[in-house]
S.K.: 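Dropping a structure here in structure tokens format, bear with me for questions.
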Amino acid sequence: MTVAAPEWPRLEDVVGEISRVIDESDDIGCLAHKDADADSLGSALGFALSMRDSGKRVHPMAPAPVPRLLDYLPGYEMLEESPAALDSLFTFDCATVSRFGEKRALVEESRNVVNVDHHVSSEGFGTVNLVDPIASATGQVVYALLRALDAPITSDVATNLYAALFTDTGGFRHENTTEAALRLGADLVQLGADPGWIALKSYKSRSVSRMRLEALAVSAVHAELEGRLIWSEITQAMLSEVNAAMDESEGVIDQLQSIDTMQLAILLKEHGRELTRVSVRSRDPYDATDVCRPFGGGGHQRAAGAEVREPLEVARGRVLDVARRILTTR
Ligand SMILES: [Mn+2]
């Protein structure tokens, strides 16, 4: 069941207001979501660098734990813990305030919040909302905004936005690899982004422990319903076995979704005794958010996630039951 998407104002309808917010701000906060990916952090850093180059004091932030795998993004070293006073706060790639972790209060207490996103499920929590569900990445929305503002786009800005676009399209492989995405990729390369280097940093910078962790999760794969349901899990025991951290499991879901018969791919991650995180991928006609919504999660049609406040054994049963029901009733 797909809920009718709300109508979001177009860029041309809000750019004047955003421009005014920027003009009236000396200190601008740029916030990524928790467990930031390259789209969220690249958008925040790209926007921050452009605003800095426009003469503003910028305060890029990411809720803890800050993803160290993204330290190649230009401006990463500018990330701040808790800035003193902000005149406005821009948020990137975040559909709901619950994804801001310990920075949630900062969002809720700010007078000027500009929500820049591409999630169809956005709660529209900003005082200004620039949400484009058609965009392949939030980085694409940021690019359009910077263009509309006539703000500077240096090679460092372009690198951040290319990393955002490149990874949110799975290296230009997912269904959201549109003509606009490919054209934007070329524009960003023209502006100084290095596609080979960003691909190296995004997909060819794995540690040995990370590869061993993926091997454990891949060999534990389960296939049900003639391979339509593919699932695996990352347990704390697996992490200690190969001396890896949970954030090194990021590539496992891509392995699961590469199975030919797969219609729903699910990865369960045992973060603690009472916390299991779930990643879901889907193929037509199934919607990954349908698996996550009963647990308060969401995301995109093809990629979604949820947090289940239950031990792995309990979460596994509940999540897989939802997935089996979806696959056997449609
Ligand atoms: Mn995104």
Side-chain angles (χ1 to χ4, degrees), residues 5-6 8 11 30-48 60-63 66-67 69-70 72-73 76 90-101 103 107 114-126 129-146 157-178 180-182 184-185 188 193 198-199 201-203 247 250-251 253-254 257 277-282 287-289 292 297-307:
W8 297 105
L11 174 58
C30 303
L31 180 59
H33 62 62
K34 195 161 177 284
D35 303 307
D37 58 11
D39 188 28
S40 187
L41 192 60
S43 293
L45 292 174
F47 185 79
M61 291 168 280
V66 179
L69 295 171
L70 298 177
Y72 69 91
L73 294 174
Y76 183 90
F90 283 68
T91 68
F92 299 92
D93 197 45
C94 194
T96 156
V97 288
S98 64
R99 289 274 279 151
F100 289 117
K103 299 278 193 288
V107 179
V114 181
N115 162 28
V116 183
D117 192 14
H118 71 132
H119 286 88
V120 70
S121 59
S122 175
E123 285 174 354
F125 53 82
N129 295 288
L130 177 57
V131 179
D132 179 5
I134 305 297
S136 306
T138 296
Q140 189 174 344
V141 186
V142 172
Y143 181 82
L145 174 60
L146 293 178
V157 174
T159 297
N160 273 299
L161 300 185
Y162 186 96
L165 177 70
F166 184 66
T167 54
D168 250 32
T169 55
F172 296 125
R173 281 178 303 178
H174 296 335
E175 283 169 51
N176 62 352
T177 307
T178 58
L182 291 164
L184 174 56
L188 292 169
I198 295 169
K201 291 296 182 181
S202 306
Y203 296 119
D247 67 355
E250 207 188 287
I253 190 70
D254 295 325
Q257 69 167 329
R277 290 221 177 103
V278 186
S279 300
V280 181
R281 299 293 183 269
S282 76
D287 188 331
T289 62
C292 299
H300 304 286
Q301 187 186 3
R302 289 285 163 259
E307 283 193 358

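The residues of the chain are indexed from 1 along the displayed sequence. When a ligand or atom number is given, it counts from 1 through the structure's own listing order. What you see is a predicted model; the values in this text were computed from it and never measured.
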S.K.: Anything protein N/O/S under 2.8 Å from the Mn ion (ligand 1)? Just list residue and atom, please.
M.R.: D39 OD2, D93 OD1, H118 NE2, D168 OD2
S.K.: Which pairs count as side-chain hydrogen bond (donor to acceptor under 3.5 Å, both in side chains) when at least one residue sits in residues 157-169, sequence neighbours excluded?
M.R.: H118-D168
S.K.: Does the side chain of N129 pick up a donor-acceptor pair with the side chain of S122 at under 3.5 Å?
M.R.: no
S.K.: Taking CD in E123 as the centre, count heavy atoms belonging to other residues, nucleotides or ligands within less than 6.0 Å. Is the count above 12?
M.R.: yes
S.K.: Checking S40 now: which residues fulfil side-chain hydrogen bond (donor to acceptor under 3.5 Å, both in side chains) with it, not counting sequence neighbours?
M.R.: none
S.K.: I'd like to know if the side chain of H119 pairs up with that of D117 as donor and acceptor (distance under 3.5 Å, no hydrogens or angles considered).
M.R.: yes
S.K.: Return the set of residues passing salt bridge (Lys or Arg N to Asp or Glu O under 4.0 Å) with D35 (not counting sequence neighbours), or none when no residue passes.
M.R.: R277
